[in-house]
A.B. asks: 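After the structure tokens below, expect a handful of questions from me.
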Amino acid sequence: MKIAVIGAGAMGRGIAQIFAQSGHQVLLHDARGEAIEAALTQIKAVFARLVERNRMSADEQQAALSRLQPATELAGLADVDLVIEAIIEALEPKRELFARLEQIVDPKAILATNTSSLSVTAIASACQHPERVAGFHFFNPVPLMKVVEVVRGVRTLEPVIETLRELATQAGHRAVVATDTPGFIVNHAGRGYTTESFKLLGEGVAAYPDIDLILREQVTFEGKGFRLGPFELLDLTGLDVSHPVMCSIHEQYYGEPRFLPSTLGAQRMAAGLFGRKVGEGFYRYENGERIAPEEPAPAVAPPGGPVPVWVAPVTSVTRWCKRSRRLAAPRTTTPDPAPTTSSCSRRWAWT
């Protein structure tokens, strides 16, 4: 199959890589020509590392590279069988792109969107033939995250879904069919992981390294914990990607409180703390590797001998404790006795 990938960012680059490796002709397009060249260079570097680690032979490397070609113009995609869009996560740019693609590609070609949270049906509504449009949502990093959501829009035909499922399987991924709801499966369920963790952080329940540690190593499912803590995951995917997805899902569910994004996320995004891609997020990174925070030095005695310590005399401590108990003890009163009468006078008797 001849596949076109539009968008040469992290997602598009990963999608192009896995399909070139699995034997398909792949055209990589981006509105910025330099982005295409950068993506191809990075894919070549990935293949070289796979050869060094004996996970790919030199012949397989050359064959995969020969199947991967740049496409500087959309017009060059006229004869493809499948287009996978991986551009900015915004509805209108995607709708505009799909409307343009319909005028270029073959009427039988499948149009797929890698959207992570937007409505596939809304994207397809810009097309004259929405029945050939489906979601094909991969996860970052694509070669390592072996799950892909195949999303059925309201008008999507079943053969389109089956074709995408087969392609994902050939590429070594597990395809899970989802209906077209905000966030589909993973990003819908994942809101509980990230938004609740933001609440824990914002309310001062724990620091983010501790939240990551507990969810990564202490919370287990069938003997296994989460591979990454929530803030480690946000650093990996990029807060500039994750926070808008949170906002999108919250909006699409008409302000459902359980999907409410965190103001902490908005603040950190405004500060440019996106994560690994910029070297700093919740953690710091160098060359893509996380830098371990410095442990505080243990307290040591000052020079000059033993530290003087004052100890109160026993008599003073005892006197203080007795006085404290006496002041803390509740006061009691004795009820008045019944009056007694003598032959001389009436008196009150007190005890």
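FYI, side chains are in, hydrogens and waters are out, and symmetry mates aren't considered; it's all heavy atoms of this structure.
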A.B. asks: Quick one: does D79's side chain get under 4.5 Å of D106's, heavy atoms only?
C.D. replies: no
A.B. asks: Keeping the roles fixed (side chain from H129, backbone from E102), state whether a donor-acceptor pair exists under 3.5 Å.
C.D. replies: no
A.B. asks: Can you tell me how far the CD1 atom of I18 sits from the CE atom of M145, to the nearest 0.5 Å?
C.D. replies: 12.5 Å
A.B. asks: Mind checking whether F231 and Y283 have ring centres under 6.0 Å apart?
C.D. replies: no
A.B. asks: Only one of E251, H250, Q252 forms a side-chain hydrogen bond (donor to acceptor under 3.5 Å, both in side chains) with S248, so which one is it?
C.D. replies: Q252
A.B. asks: Should Y285 and K277 be marked as a side chain to side chain contact (heavy atoms under 4.5 Å, CB included) after you check the CA-CA gap, both sets of side-chain angles, and the distance that decides it?
C.D. replies: CA-CA 9 Å; Y285 302 86; K277 65 177 70 175; over 6 Å; no
A.B. asks: So that I can tick it off, tell me whether D235 and R290 are bridged by a salt bridge, with the cut-off set at under 4.0 angstrom between side-chain N and carboxylate O.
C.D. replies: no
A.B. asks: Apply side chain to side chain contact (heavy atoms under 4.5 Å, CB included) to L111 and E85, showing your working.
C.D. replies: CA-CA 8 Å; L111 303 180; E85 166 272 314; over 6 Å; no
A.B. asks: Is the backbone of S125 close enough, under 3.5 Å, to the side chain of R95 for a donor and an acceptor to pair up by distance?
C.D. replies: no
A.B. asks: If you take all heavy atoms of A16 and L68, which pair is closest and at what distance?
C.D. replies: CB-CD1, 4.0 Å
A.B. asks: Determine whether D212 and F226 make a side-chain contact, defined as any pair of heavy atoms from C-beta on separated by less than 4.5 Å.
C.D. replies: no
A.B. asks: Do the side chains of V205 and L234 join up, straight or via other hydrophobic residues, at under 4.5 Å, putting them in one cluster?
C.D. replies: yes
A.B. asks: Would you say E131 and V160 make side-chain contact, with heavy atoms under 4.5 Å?
C.D. replies: no
A.B. asks: Above 12 or not: heavy atoms from other molecules or residues under 6.0 Å from CD of E34?
C.D. replies: yes
A.B. asks: Got a second to check how far E280's CD is from I291's CD1, nearest 0.5 Å?
C.D. replies: 9.5 Å
A.B. asks: Kindly say whether P107 contributes a backbone atom to a donor-acceptor pair with the side chain of R132 at under 3.5 angstrom?
C.D. replies: yes
A.B. asks: Answer yes or no: does atom CD1 of I88 have more than 12 heavy-atom neighbours from other residues, nucleotides or ligands under 6.0 Å?
C.D. replies: no
A.B. asks: Are I161 and I123 connected, step by step, through hydrophobic side chains (Ile, Leu, Val, Met, Phe, Trp, Tyr) whose heavy atoms are closer than 4.5 Å?
C.D. replies: no
A.B. asks: Measure the shortest side-chain to side-chain distance between E60 and L50 over non-hydrogen atoms and say whether it is less than 4.5 angstrom.
C.D. replies: no
A.B. asks: Aromatic contact between Y253 and H188, with the criterion being ring centroids under 6.0 Å apart: yes or no?
C.D. replies: yes
A.B. asks: Ignoring hydrogens and geometry, is there a side-chain-to-backbone donor-acceptor pair from E149 to G135 under 3.5 Å?
C.D. replies: no
A.B. asks: Output, in order, the C-alpha distance, side-chain angles, deciding distance and verdict of side-chain hydrogen bond (donor to acceptor under 3.5 Å, both in side chains) for D180 and T121.
C.D. replies: CA-CA 7 Å; D180 187 19; T121 302; 2.7 Å; yes
A.B. asks: Assess whether a salt bridge exists between E52 and R49, defined as any Lys/Arg side-chain N lying under 4.0 Å from an Asp/Glu carboxylate O.
C.D. replies: no
A.B. asks: Grab the two heavy atoms, one from V177 and one from I185, that are nearest each other, plus how far apart they are.
C.D. replies: O-CD1, 4.2 Å
A.B. asks: Between R55 (side chain) and V51 (backbone), is there a donor-acceptor pair under 3.5 Å?
C.D. replies: no
A.B. asks: Around K44, counting heavy atoms of other residues, nucleotides and ligands shown, do more than 12 lie under 6.0 Å from its NZ?
C.D. replies: no
A.B. asks: Rounded to the nearest 0.5 Å, how far apart are OG1 of T195 and CG of L264?
C.D. replies: 12.5 Å
A.B. asks: Return yes if some donor-acceptor pair links the side-chain N/O of T237 with the main-chain N/O of S242 below 3.5 Å, else return no.
C.D. replies: no
A.B. asks: I'd like to check E289 versus E286 (side-chain heavy atoms, cut-off strictly below 4.5 Å). Are they in contact?
C.D. replies: no
A.B. asks: Mind telling me whether F136 and F138 have parallel, tilted or perpendicular rings, with 30° and 60° as the class edges?
C.D. replies: perpendicular
A.B. asks: What is the distance from atom CD of E37 to atom CG of L28, rounded to the nearest 0.5 Å?
C.D. replies: 9.5 Å
A.B. asks: Membership question, hydrophobic clusters at under 4.5 Å side-chain separation (ILVMFWY): are V120 and I6 in the same one?
C.D. replies: yes
A.B. asks: Indicate yes or no: does E196 engage R258 in a salt bridge with an N to O separation below 4.0 Å.
C.D. replies: no
A.B. asks: Please examine the side chains of R67 and F19, heavy atoms only from C-beta on, and report whether any two atoms are closer than 4.5 Å.
C.D. replies: no
A.B. asks: Report whether Y193 and V186 are members of the same hydrophobic cluster (ILVMFWY, side-chain heavy atoms less than 4.5 Å apart, transitive linking).
C.D. replies: no
A.B. asks: Applying side-chain contact (heavy atoms from CB on, under 4.5 Å) between M1 and each of I110, V26, L167, report the one that passes.
C.D. replies: L167
A.B. asks: Any side-chain heavy atom of E232 sitting closer than 4.5 Å to one from L236?
C.D. replies: no
A.B. asks: Is R152 salt-bridged to E158, going by a charged N under 4.0 Å from an acidic O?
C.D. replies: yes
A.B. asks: Locate the shortest heavy-atom distance separating L101 from L77; write the atom from each residue and the value.
C.D. replies: CD2-CD1, 4.4 Å
A.B. asks: For the hydrophobic clusters of this structure (ILVMFWY residues joined by side-chain heavy atoms under 4.5 Å, transitively), does one cluster hold both V5 and I87?
C.D. replies: no
A.B. asks: I'd like to know if the side chain of R216 reaches the main chain of G229, judged simply by a donor and an acceptor atom lying under 3.5 Å from each other, with no hydrogens or angles considered.
C.D. replies: no
A.B. asks: Does some side-chain heavy atom of Q128 sit less than 4.5 Å from a side-chain heavy atom of Q103?
C.D. replies: yes
A.B. asks: If you draw a 6.0 Å radius around CZ in R276, do more than 12 non-hydrogen atoms from other residues or ligands fall strictly inside?
C.D. replies: yes
A.B. asks: From I211 CD1 over to K199 NZ, what is the distance, rounded to the nearest 0.5 angstrom?
C.D. replies: 13.0 Å
A.B. asks: Can you name the closest pair of heavy atoms from V245 and S116 and give their distance?
C.D. replies: CG2-OG, 3.4 Å
A.B. asks: Treating R13 as the side-chain partner and I43 as the backbone partner, does any N or O pair qualify as donor plus acceptor under 3.5 Å?
C.D. replies: no
A.B. asks: Determine yes or no for a side-chain-to-main-chain donor-acceptor pair under 3.5 angstrom, with D30 supplying the side chain and A35 the backbone.
C.D. replies: no
A.B. asks: To check you understand the geometry: which heavy-atom pair defines the closest contact between A99 and A126, and what is its length?
C.D. replies: CB-O, 3.8 Å
A.B. asks: Indicate the atoms forming the closest heavy-atom contact of A109 with V80, along with that distance.
C.D. replies: CB-O, 3.6 Å
A.B. asks: Please round to the nearest 0.5 Å and tell me the distance separating atom OG of S66 and atom CD of Q25.
C.D. replies: 7.0 Å
A.B. asks: How about CZ on R155, more than 12 heavy atoms from neighbouring residues, nucleotides or ligands closer than 6.0 Å, or not?
C.D. replies: no
